[in-house]
Structures are given as C-alpha cells and as structure tokens.
Colleague: 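Pasting a structure here, questions to come.
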Amino acid sequence: MEESDVTLALLDSANDKDPVVREQVRKSILTLGKQQPNKVLSMCQDYLVKHPKVRHCYCHLLLISYCVEQRLEHYNRKSPIDDISYPKIKSIISLASDEMTRSKDVVPDWQQAASNILVAVGNKYINDIMEEILSKFQPGILPHFFVVQTLASLSESNVYGMVPFLNAILGTMLPMLGMAKQDNMKWVFSSALSHFSESILEYLANLDKAPDPTVRKDTFSSDIYAAYDILYCSWLQSRESKLRLTVAEAVGSMSHLMAHDKLEEQLPKLIPTILSLYKKNTEHYVISKSLCQVLDASVNMGSRVLETQIDSLLTSLNQQVCAPVDYSNPLTVKNHNEVLRCFSILANTFPDRLVMFVLQKLENSNERIRMGSLAVLRHLINSSTSIMETKKLLILASIRQPLADHSNKVKKRVVQVISAMAHHGYLELEGGDLLVKFIIQHCALPDTYYVRLSYPQSVLCSMLYYLTVILCLSLQVLWPMLLYYLTPGQYSNATTPLCKSLTLLGTKKRASQEPNFNIDFNEQVNLPSPHILMVRLLVNGSFPFRSRGHGAPSLSLLNVISPNIHPNAETLWEKEIPALLSYLEGKGPPLNDPRVLEPVASYFLAKSLVAIADDKWSCQLAIEATRYLSTYNQSLEEKGFLYRCVGVTLQQCSNKEVVQKQLQEILISARHNDAMERAGVAMGIGLCASSHLDATLAKLDDFGKSDAFKKASGIFSLLKDKNDLDVEKMKSTLILCYGYVALHAPEDQILSRIDSDILRSISNLYLLLFPQALYKDTFNALQELLRNILVRDLSPDGLQSVFKHIEEWLSSGQDHERERAMNTTAHILEFYFNNLHVKNMVTFHNLGSLLGRLAPRCTDPNPLVRRAAIDCIYTLLYIQLRYEGFSLDYKDDSVERLITLRESMDNPDHSVLYKTCSELIISKRLPQQQLNTLIFMLFEGLVDSQSNCSRASSVLLNTLLKHRGAGLQDLVSEMLEVLHIRLQMISEDQVKVSVAQSILILATQHLQTVINTLISFPLPFDSWSCEMWIALGADSKLASQIMEMLMEKLNIMVPYVDKKESMMRGGLTKVATSHPLAMTCALKEMMLNGQSQDAVVSLFPQLFSSLLVRLGSSLGVTLPKDINSFGTNRKSPTKLAKTQTYAVEALRILLARAQLDHVVKPLDQEGAWDKMKDPQQHIPGVTLLARAMAKHAGPRLPAIVECLCPCLNNIYECQRVTITAFFSELLNHHVVTELMMMDVLMNNMMERISDPCCTVRMLAVRGLGNIAVGSPEKVHMEEGGGGLLAAMSSGMEEKDDPGKRITLEAMSGLSKVLLYLDKKNENDEIRCASIMLLGNLSKFGSGEPVFKDQIHNVLVSLLLHLSDPNLQVVKACKYAMRVCAPVVGSELITTMFQNHLHEDKSLHYGEFINDLTKYIIQDFPGMLNFYHITVIQFFKSNWAEVRAGAAMFIGR
C-alpha cells in the first residue's frame, strides 16, 4: 500500500469518536510528515478543501498539529519546516490566514489552531507572514481578534524578526485602541502591548545578537506612552477582573520603555493604583509582577518620587509576603517570589529603612508576620549580599528572638534563614554559635517532634552537615566547638550529624596539617576530656544502629581525632577502625547484635590500651569512665557495655589502689535492682579479675561484709533504709560477680580459690537467698535409693547410671507409670542440680540423651507428666548452665520462660511448646558435640506410644536440623538409614509429614550425600524409600537441583552391561546397571509430589529427553540378579517390573505433572504406553508419543529436539532407534516447520541414512518421506527435493535389509513426495528423477503384496503425467508404469502397459485412458472410490494438460 493511501486512510479516521484514536492518528500523520512533508501537507490541504464541513474536526488534529509540533522542535534542532518547499509554505500561510479570519466571530479552538500555524511558520518566514498579517491589519479598521493575537505570539516566538516591524505596528495600532469597545478586544490589545514590550526589552538587552543594533528604546517611547495613557486612564478601571489584570501586566512591561520624565510623572498615581488592585482581585501574582517591573524601572532611572511611596509599598508588600503560600497552587508561589523580588529592588535604594522595617516585624509575636519577615530576611541575605554586609551584627542580634519562638512553622523558617546566614559568613561573627546550637538542639529532638514540625529530621541533620561544608574555609567556627555536644545525653540523637561534620572538619585540618587540629584540652575547658570522648564514641560504635545510626560516624570520627585522644593510638586505629566500619557496612559478618558487637568493641579497647602503653592514661580512663556511668542510667544496655569497658581498662592498670577504688565505686553506685545492670557490674568485675584476681576477690569479700548488706536501724533508718528485696538484689549481684570472676580469672589461679573463696561465699549467700528444706520425708523408698546411689557419684556418669533405671518407664502406655517415672526424674535432677559443685572443667556429656528423652514428654496427654517434663528440662538446662560457669542464682531469660509455660500445662498451646523447647533451649544451649546423641534419641521418639510425643519429637528434630544440621556431614547417611527404618513403624500421618520435612532439611544442607545415600537403597525401592524420594520433590528449587544432578549422571552412566547367559551358552545378555535404574525410579517418585510441578515445568525438555533416551536404553535389558536382595521387612511384596517399565511410568508421570493431559489422554486411549514397553511395538509406541507431542505440545518441541540431537551419536543402538523414531514422526507434522525445526530434523535424518543400524536407517528414510507431508514446501525447493530423492535412492542399494523394510519405506516416502511434486514442483529434472526412482524401486518389490498398495498410490499421478508438456517426464512415466506393471496385480493392465508404453512410440491418450478405466473397474472395483478421490486432487495442478487429463479420467 502506498504512503498516499495510508495518509488518506488516516485522514478518514481522524474524526473518530475515541480521543485516543484521534491522538494516535495525529501522531501517525506527524511521522509520515517528517519523512515527506510536502506530500503530506498537500494531502492535508486538499482534504480540508474537499471536506469543508469537517474542518473544525480536522484542522487541529492534522495540518495544525504537524506545524505546531515542528515549531516546538525548532528550538533544539534544525526545524523540519526547512524541508518544506517555499510554494508549499506560501500556500500554508494563505490557508491558515483565511481559516483564521473566515469567521468574524471568535472561534477559539479553530482560529487559535490557524494562528499557531502562522506563528510556527513565522519562525522561519517572518517576512511572508508579516506581509499576510499586515494585509489584514489596516489603519482605521478594527482588526480581527486573532490577527492581534498572532502578532503578539510572533513577537514572543521570534523576537529578532518581529521587533523591526513593531514601530510600524504600534503606529497603526494606537488609533485602533480608541475603537476597541468590547472587553475581548481590549484584552487582546493589552496582551499584545505586553508582549511587544517584553520583546523590545529582550531585543535591546541582546543587541550584540540582533540583526539591527541601531534600534534604541526611545524609538518606541512615545508610542508606548500614548498606549499607556489609554490603558491606565480607561481600561485599568474596567469592571472585568481578567481585563484589569492583563492591563496591569502590560503597564508593568511598558514602564521600562517609557521616557524617564513621563514615568517619574506617573509614579505618584501609578504605584497607589497598582497597590489598590490587591483589594480588587483575588489573584495577586500578575499585580506583584507588574509592581516589581514598575519598581525596577523606577530604581534603574534613579527616581526621587519613589521615596514618597516607600511606606505604603512596605506595608502592602508585607501583607503579601505574610500571606500563606499554597505550594499546590503555583500562582501563590510565584506571587510570593515576585513580592520578595520587590523587597530586593527596594533594598538597593532604601537599605536602612527596609532592614529596620523587617527587623521590627521580627519582634512581632504573630506567627504569620514573623514567618513573612523571616522569608524576606532570608531573601535579602541571599540576594543583597553587599548591601547586607554592614548589617550582619544587627541581624544576628535580632534573630535571637525568633530562635525562642515555640511555633514549629517559625522554627522551620528560622532553619532556612540560618542556612542563608551560614553561606554568607554570619556564623563566624559573635553570636553565630547560638545558631549552630539551635540546629544541634533540633537535630537531637525525638522523632515524634518532627511529625508535629512537618519537617524531616534528616533535613536538619543534613543542614548541620551543610553548615560544615560551607564553613570549611573558616573552620574555627565549628572546630573544636562541636565536640562539646558529643557527650551530653540530651544531644545523643544528634550524634550522627555531629560526627559527620566533625569528621569532615578534622579530616580537612589533619590533611592540611593545621596547627589548631591538635586540641589543648587544658585550655579548652568547655570540651570533654579525650578519655570521655573515646568512651562515648566507643559505646556508640558498639550499638551502631541506635540514635539514628550513630555507630559508623562515631568510629570514623574516633579514627580522625586519634592524635587528640592519644598519639600512640593513631597507627592501630588507622588499621582497625576501617575494618570495623566495613563490618557495619555489610561487608563482613552481621554485627547488628550487641552480643556480637560488644566483645569486638571491648577487644578493640584492649588492643588500644596495649598500643597506648601509658598506665597513667589508662588509670585516668578508668576513673573518668566510672564517673560517666551515670549518664547512661536511661540506656541500660549501653551502660552494661560501659561496665565491660571499665573492666577491660582495669585489666591494663598496674596501680592497685586505682583498681580497688574503682571496684568499690562500681559496687556501691550500681543500681542492684536492675538485672541488666547487675550483669554489667558482674561482667566488668569479672574482666578485672583476669589481671587482678586477689584484689578483686578481696574487694568482693569486703563488699559482702560491708554495711550495705545490713538493714539500718534506729533514727537513721528514717533517712537510709534497705528493705529485704534490696539486700537480696545486692547479694544476687555479688554472686553473679563471683561467677564472672570464676569465668574470666586465669585457670592456674582460680582453681585453688574456688573452694576457699568463691564457693564458700556463694553457698553462704545462697542459703540466705533461698532458705528451704532440701529433702521431704514423703518421698518413697525408690527415690531415697536413687538419691543414695547418686550421691556416691555426683557426676554426669553417675546421673546416667541412675537415669537408666527410670528411662524405660517414661514411654509406658500407662499414665500413672509415666507420671511416677517423670516425677522421680524431676526430683533426681533437682537433687543433682542442688548438690552440683563444678570443681573442674567437666563436660555434661549426657545432656543430649537426657533432653532427647524428656523434651517430647512436654506434650504428653497427661498434664501432670507435662508439668514434670517442663521441670526436668528447666533443671537440666540450669545444670548445663552451671557447667558453663554460671552461678547458682543466675537466671536465664530463655529458660525462665519455661516457668510461664508450666502454668499453662492444663490447656497447652503446642506450637508455643515446640517453639520454646526447640528454638530457645535445645538449639541454643546444647553443645555441638552432643548433637549426635540428641538426634538419635529423637529418632526413637518418632515411634513413641503417645502420638503427641511422637509429633513433638518430629518438630524438635526438624528445628534442630534446621539450626544445627549443617555441621552433621558425617552423620547424614546414618540418619537417613535410621529414618528409613523408622518410617516402617510410624503410623501417625503428621509424623510422616515431619519426617519428610527432615529429609528435605538434610538435603538443603548436604545434597550430594543425601542423593548418594538414597540412590544406594536396594531396588526396587520399597514404599518407604519411595516416600523419602517423594519428600525431596516438596521444594521446587531443591527438586530442580536434584533432578539436574540425576539427569547429569543418568546421561553419562552405562545403562547396561553385556554378560554371558551361562557357562554353557555363548550368547550375551544385556543386564541393566543399578544406579541408572535407581535414578529413573527416583525421578519418577519425585515427580509424584505435586509441589515439584514448577521444577518439572522448568526442566521439562531435559527430563523428557533423558527419560526417552533411558526408555530406549531399557529395551531388551534384563534386571540385575541382585535387585531383590533386600530385607524381608517390606510393607508388601513388590512384583519386579521390566526395566523399560520404570522409564515409561516416569515419562507418563512427567507429562501429567507438566499438565499435558491432552497429550496423555490419546496415548492412554491408543495403548501407547504398553507398546513403548514392548520391544516389538516400541517404534509404533514412540511414534504415537511423537504424534501426540506434535499435536498438543508443539511449543515444547524445540527445546526437546535440542536436547535429543546430541544423543543420536550415542554408541547405544537402542537409544538411536528410539530418538530416530521420535524425530521421524515429528517430520510428519507441519508444526516442525512453524517452529523452525525442519532443517535440524532433516539434517539429522540425512546423517542417520548411513547409520550402522538397519532399523535406524529405515526410520531415517521414513522421516525423510514424512517431510512431504509435514513440510511439503521443503520438497518444492530444488536443493531439498534433490536431497530427498538421493536419500530415497540409497534404499535401493541396501544389502543389509531383511524384509526389504528400507526399500518399502523408500517407496512409501517416494509416493508422498511424488504426490506433492505433481501439485507444486515445476522442476522437470526432479520430477523425472523421482519417477525413474519409483520405477527402479518397484523392481525390489515384485511379488510383495505390500508394494502393490504403494504402486496404486502413485498410479494416478503417473497416468496423468503421460500428457505432461515435458517429453522427458512423459518418457519417465512410461518407463515407471511399464516396470511397475507386474506389481499392479492385473494381467490385463500389465499387458496393456507392456504393449503401449514404450519411450519411442507415440500414445493416443484418450483411447488409452478409456481402455484402462475399464480394466480398473473390472479388476479393482473396491478401489474406485480411492481413484476418484485421488484424481480430484489434480484439478488444481499447475499444468493445464494434467488438469485436462484428470477431467478426462474422472469422466470415463
């Protein structure tokens, strides 16, 4: 279709009702117009002329849109208007002008569009445009509205082209102004004067670029003033608001062009008039803009009259600047900016009066007035730098009052003013520090404040950093002043911006080696000491994500100021701190947990103190850090870490007096009622003990004997009284201290002190804390006996020897037996716990086995058993804690949660039980070396007599494996074997599901080991092995990995081995290898899991290919003799299947899982699965599979073919047979052509023609013949047709062809090719060759009934081509028919062919046909319908002779 047709079609569619369609039509016409502008514009014009009734619909959409858009492009690159011919431009101008003025009435859309064309063209052809426009702008005649509008637009878009015309235009226009009576004409004249004035001013401002540099302002002054007189005296008083505003805008623009004396004369009237417009109009932007222009013109000419108007100006402008600004309304924002410009202009002439006016307004407490004044002040600071220079101190003094304003809006505006002041050097002056403090104070406010302020905290923090950047040239303003704000607690939320700012300042000073970088802390008395700075920044770094992420900035600052902390720390910190920062930035292990960070930070402190190597300095650090503890009373975690820091520091102090004094200070000042603080105190003292054990123990002993542990009495009790709870808490602190002392003290020193000092002290305190009778008389004899046995060997081994007598009763089927056994266990454990004294580092090695037995009982059906089980676990874990070094009264939060659970044992929430017992206890408290025992105990629990307990065992097991299973590599195989055995005894479905989850968890952690173990299970897989494989299909991602691994091995492993049948027989038998067989079964079982669908779909081509190849490998292969050498514990006997059965079943499951039911259904109906398994029917079965895939799953075939192609070169004949059969049938379907697989498949068939296997060659010939059906156009190609015939002819040369199968396939294929060649191919040589080949092939089939059918298939084609226009084709047909005659099956026809069909003799075709049809009717009456259908196909032959012959044949 030509472009003109396309354009016309678009023009016809341009009036569509849908605006989206109209817009798309417009864009399409623009695209065409850019390529052929003249042609498209001509067509648009012609269309508009021929269809005048639709002009209003088409103009903007078609012609106008094109021109307007080109106008927009003009400013950035060469205008496409340049590509339009000049005659076409002239016609466009004429058309647009006529359309614009055709109607005297104003039709905005239509006429505006025409005007836009003229303006767009005027950018290039201004003279032509002006010639046209001025012809309709004649003196004494009021012009059309849009003529004036177009002149105004032209002056805006083409300043340099229009200004030379303006003098004449103004001269013509002035008389017209008096003729304008309607408001719309007044409006357009006013708008035009405004645009003319702006254009003239722009022209004059850029005379260096102007075409006529001689143009002067006075050229226009008289005309402008004359126009001004009419506008001001008459039109400005109009009642129409829109007109008043436009006149005001024009007056503002014209004021710059008026003569100075005229403007000076008008100012006393003009300014009040403009100010009065504020009250008459709701829209103020235009008024402010006009006022600003008038003021600018007045100031520029040095007006003296302006001073008389200053008071009224300031009053009105103040009212405007104080008006709220609606930032969603652009006009209010513009008005605000224009008002600020007015202030700037006035400041140039009246700086003192203006500044005083603004500062006086700052003193007003009214929020709006103060905000307006701050806005003006900020603007003046930024815009009038030189004028404000002498008033900086005055402004600094005046800004203090707004600093104290409570209004959030005012504070927001103050921040903006401070930003401006910082940029212009105000902060360097006296009083500038108050402004910095104001910013810091607001950075430190809580987040809730910023919600009320509606000003993000991040903005203020950025402001502080911005101030730092601005003031880098005058660093003395902030350095080192900002250090003061780092340590007081009220500024903690501002730490991040403070540190960033200080880091910037310090880095700059340090790099430039400025002397004042080194701080004299003795002189700077207001600054914190270097010790406190170090402590504060280190604590911040240990809790990096608090206080808005102060960790990394604090450490960065610490690194920068290292010479000021201590010179010896510099080298170490430059190495260590960047490493810490990289961790915080996510480049190392996660450190967001304080339990991880605190040891790292304390280790950093210890290394720093070693590097500093200054005992006096370290002692001072310990003293000041101890004093600083109270500042963290509201942040107990940070305080706990500071206790740790004090302990680390005391380690490095050699001054014993300082050490004892600080220990005393810590113990006395600590708030013992808080557990977190008690732990912090104990940690600090324990760390101190690692270097000062004797001093620490002595101080703890003194503290235990001090008055602090005695209740005051007498009159002083009124002032100081410690109740029992206070005393007990202090004792708890003391015990905890001893525990940490035992933990951290040197082993060679502590062992001798445990009995003599620590245990003695703890036991005394323990009896005081928990007075109770240890034994009860009501315990029965068994419990007494067990206690007596245990007391003889109070060790883990002794406990196990007692527990083994109770263990078997814990899982009894009788409630009362389980209850008694559990209560006894609880008592024994409590006794053990209460009597345990950890003297040596002994491992509680049987913790795992005990937990494995007891934890599942937490869900026992008997509530009494459940409570006792909770008690046992509670005690067990505290025993473990004792072995870990914790004191007797230590309370672990996670263990204490068991007490809460115990209270709810009557109606327990099992999910909470499972979570608590597993995640909070077992997974966290069990030592790694005891995992083995616990896991295998839980395996036994899977078959517990109580279903609740078996479920609990499974849940605990999975949680444990999930958290700790990664370290169990050596146990994986054994665990899987145990699970396999346990599955045979599990009857609870929920437990089976959990076991499947266990297998899945192990596979995610040890995939290769799991696969190797499960593959090695005996074949055929029993039902429990199958369940384990099915479990692996539950996770789609994992299933994909496993399937890929199995396929990778399956594709490279030997599928079978040749073995002698027996010693007596010499033949070989193919025996399947075990591993490929197991992998096939494994794939099948995994795909049975519905959740494996995503994995199956993603790997479908590979799975299909592997299983198809595996199917081929399994034909005629026997199972190995040892395949059933498994135990007798199967759920039910499994009948051994043939090897190919596993692959067929897997293939069927694959198709079903991939949701290819439409493929499976016909295969089921046609018995294809059984055929594929039968070696005799395998090829038809695979053919059915390929047919179903081609018909119902075509899009999946390209990937499958790609996977199968390499396998055609496999050494295994059976695999090549299967793949070739599959490919051969695919070629029978047109889908291979649609999916562009024809060449790949045909080339593969060509290669297989020379395969050593006869069956493969036969299938290859079949596939090549199928091309005529699946892709007949391939036969039509000369190259393709010739190749096919060559391949067919190779069938004649086959000697190794039992049953002549290859020859038969060649003939069958040739018949298909011939049928297509009759219809399509005009290549005489190919047709001759194919016909001759058919004749030659028939020699091989003489006497074979099956060949008879093939000859009849092509007989009609040969017969009709006896009248072929090509003589060689006719001769070939005679030869083929004569040679084929014996195979036809009719003596009459054979004799007729032999007598009449000689190459060198002529033939009377009509008579021949007549006689032949009689013989066919006589000898083959059952084939008449077949011949009828075949002949009809030739009615569409390319040759008229053949079509005529077909008609003759059908008529006979």
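Residue numbers count from 1 along this sequence.
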Colleague: Can you tell me if H744 uses its side chain to pair, donor with acceptor, with the backbone of S690 under 3.5 Å?
Modeller: no
Colleague: Residues in salt bridge (charged side-chain N to carboxylate O under 4.0 Å, His left out) with E574, at least two apart?
Modeller: R510
Colleague: Using the side-chain contact (heavy atoms from CB on, under 4.5 Å) rule, take L537 and I561 through it: C-alpha gap first, then chi angles, then the decisive distance, then the call.
Modeller: CA-CA 11 Å; L537 295 175; I561 64 172; 4.1 Å; yes
Colleague: Does a side chain donor of either Y632 or E637 reach within less than 3.5 Å of an acceptor in the other side chain?
Modeller: no
Colleague: Could you go through H379 and N337, starting from their C-alpha distance and side-chain angles, then the distance that decides it, and tell me whether this counts as side-chain hydrogen bond (donor to acceptor under 3.5 Å, both in side chains)?
Modeller: CA-CA 9 Å; H379 185 74; N337 293 334; over 6 Å; no
Colleague: Take C619 and E657 through the test side-chain contact (heavy atoms from CB on, under 4.5 Å) and record every step on the way to the result.
Modeller: CA-CA 10 Å; C619 290; E657 182 179 350; over 6 Å; no
Colleague: Please step through side-chain hydrogen bond (donor to acceptor under 3.5 Å, both in side chains) for the pair E677 and Y643, ending with a clear verdict.
Modeller: CA-CA 9 Å; E677 183 152 351; Y643 276 119; 2.9 Å; yes
Colleague: Less than 4.5 Å apart, side chain to side chain, heavy atoms only: is that true for M421 and I395?
Modeller: yes
Colleague: I'd like to know if the side chain of W479 and the backbone of N516 have a donor-acceptor N/O pair within less than 3.5 Å.
Modeller: yes
Colleague: Could you give all pairs that pass the ring pair (Phe, Tyr, Trp, His ring centres under 6.0 Å) test and reach residues 547-567, with sequence neighbours left out?
Modeller: H566-W617
Colleague: For the backbone of I369 and the side chain of N364, can you confirm whether one donor and one acceptor N or O come within less than 3.5 Å of each other?
Modeller: no
Colleague: Has the side chain of S542 got a donor or acceptor atom that lies under 3.5 Å from a matching backbone atom of L538?
Modeller: yes
Colleague: Give a yes or no on whether the backbone of P402 and the side-chain of R370 come within a donor-acceptor separation of less than 3.5 Å.
Modeller: no
Colleague: Show the nearest heavy-atom pair for residues S373 and V358, with the distance to one decimal.
Modeller: O-CG1, 3.6 Å
Colleague: Between CZ of F517 and OG1 of T507, what distance do you get to the nearest 0.5 Å?
Modeller: 8.0 Å
Colleague: Closest approach of G489 and R536, non-hydrogen atoms and distance?
Modeller: CA-NH2, 4.3 Å
Colleague: Got more than 12 heavy atoms from elsewhere within 6.0 Å of NZ, K661?
Modeller: no
Colleague: As an exercise, state the distance from OG1 of T733 to CG of L667, rounded to the nearest 0.5 Å.
Modeller: 8.5 Å
Colleague: What verdict does the side-chain hydrogen bond (donor to acceptor under 3.5 Å, both in side chains) test give for S547 and T495, after you've listed the backbone C-alpha separation in whole Å, the side-chain angles of each residue and the deciding distance to 0.1 Å?
Modeller: CA-CA 7 Å; S547 296; T495 301; 5.6 Å; no
Colleague: State the CG-CG distance between D326 and L331, to the nearest 0.5 angstrom.
Modeller: 10.5 Å
Colleague: Which atoms form the tightest heavy-atom contact between C688 and T696, and what is the distance?
Modeller: SG-OG1, 3.8 Å
Colleague: Got a donor-acceptor contact below 3.5 angstrom from the S691 side chain to the Q651 backbone?
Modeller: yes
Colleague: Could you tell me whether the side chain of R378 and the main chain of R413 form a donor-acceptor pair under 3.5 Å?
Modeller: no
Colleague: Apply salt bridge (Lys or Arg N to Asp or Glu O under 4.0 Å) to the pair D405 and K411, showing each step before the final yes or no.
Modeller: CA-CA 7 Å; D405 198 303; K411 289 180 179 180; over 6 Å; no
Colleague: May I have the step-by-step check of side-chain contact (heavy atoms from CB on, under 4.5 Å) for I532 and S529, ending in yes or no?
Modeller: CA-CA 5 Å; I532 295 301; S529 69; 3.4 Å; yes
Colleague: Atom CD of residue position Q634 - does it have more than 12 heavy atoms of other residues, nucleotides or ligands inside 6.0 Å?
Modeller: no
Colleague: Let me confirm one number: the CG-CD1 distance from L380 to I387, rounded to the nearest 0.5 Å.
Modeller: 8.5 Å
Colleague: Inspect the contact between R627 and E665 and indicate whether a charged nitrogen and a carboxylate oxygen are less than 4.0 angstrom apart.
Modeller: no
Colleague: Would the distance check show the side chain of N564 and the main-chain N or O of I519 forming a donor-acceptor pair, the cut-off being under 3.5 Å?
Modeller: yes
Colleague: Going by atom types alone, do Q652 and S618 pair a side-chain donor with an acceptor below 3.5 Å?
Modeller: no
Colleague: For a side-chain contact (heavy atoms from CB on, under 4.5 Å) with I399, tell me which candidate from L359, L434, L374 qualifies.
Modeller: L374
Colleague: When you measure from the side chain of T332 to the backbone N and O of V325, does any donor-acceptor pair fall under 3.5 Å?
Modeller: no
Colleague: So E624 and Q620, side-chain hydrogen bond (donor to acceptor under 3.5 Å, both in side chains) or not? Walk me through it.
Modeller: CA-CA 6 Å; E624 295 198 30; Q620 186 62 31; 2.9 Å; yes
Colleague: Looking at side-chain heavy atoms only, is the closest gap between N318 and F357 below 4.5 Å?
Modeller: yes
Colleague: Which heavy-atom pair separates S407 from E367 by the least distance, and what is that distance?
Modeller: OG-OE2, 2.5 Å
Colleague: Within a strict 4.5 Å, meaning less than it, do heavy atoms of the L621 and V648 side chains meet?
Modeller: no
Colleague: Could you measure the distance from the NE2 atom of H692 to the CD1 atom of I685? Nearest 0.5 Å is fine.
Modeller: 13.0 Å
Colleague: Are L394 and M356 side-chain neighbours, meaning at least one heavy-atom pair lies under 4.5 Å?
Modeller: yes
Colleague: If you round to the nearest 0.5 Å, how far is CG of L527 from OH of Y485?
Modeller: 10.5 Å
Colleague: Is it the case that over 12 heavy atoms from other parts of the model lie below 6.0 angstrom from the OH atom of Y491?
Modeller: yes
Colleague: Is the backbone of G684 close enough, under 3.5 Å, to the side chain of R644 for a donor and an acceptor to pair up by distance?
Modeller: no
Colleague: What is the minimum heavy-atom distance between A420 and I381, and which atoms define it?
Modeller: O-CG2, 3.7 Å
Colleague: With a 4.5 Å heavy-atom cut-off, do T649 and Q662 have their side chains touching?
Modeller: no
Colleague: Give the C-alpha distance, both sets of side-chain angles, the deciding distance and a yes or no for side-chain contact (heavy atoms from CB on, under 4.5 Å) between L505 and L483.
Modeller: CA-CA 11 Å; L505 295 169; L483 289 172; over 6 Å; no
Colleague: Which atoms form the tightest heavy-atom contact between T496 and P553, and what is the distance?
Modeller: CG2-CG, 3.8 Å
Colleague: I need the single residue from K334, H336, R341 that forms a side chain to side chain donor-acceptor pair (under 3.5 Å) with E338. Which is it?
Modeller: R341
Colleague: Other residues, nucleotides and ligands only: do more than 12 of their heavy atoms fall within 6.0 Å of NZ on K391?
Modeller: yes
Colleague: Using the salt bridge (charged side-chain N to carboxylate O under 4.0 Å, His left out) criterion, which residues pair with R678? Sequence neighbours excluded.
Modeller: none
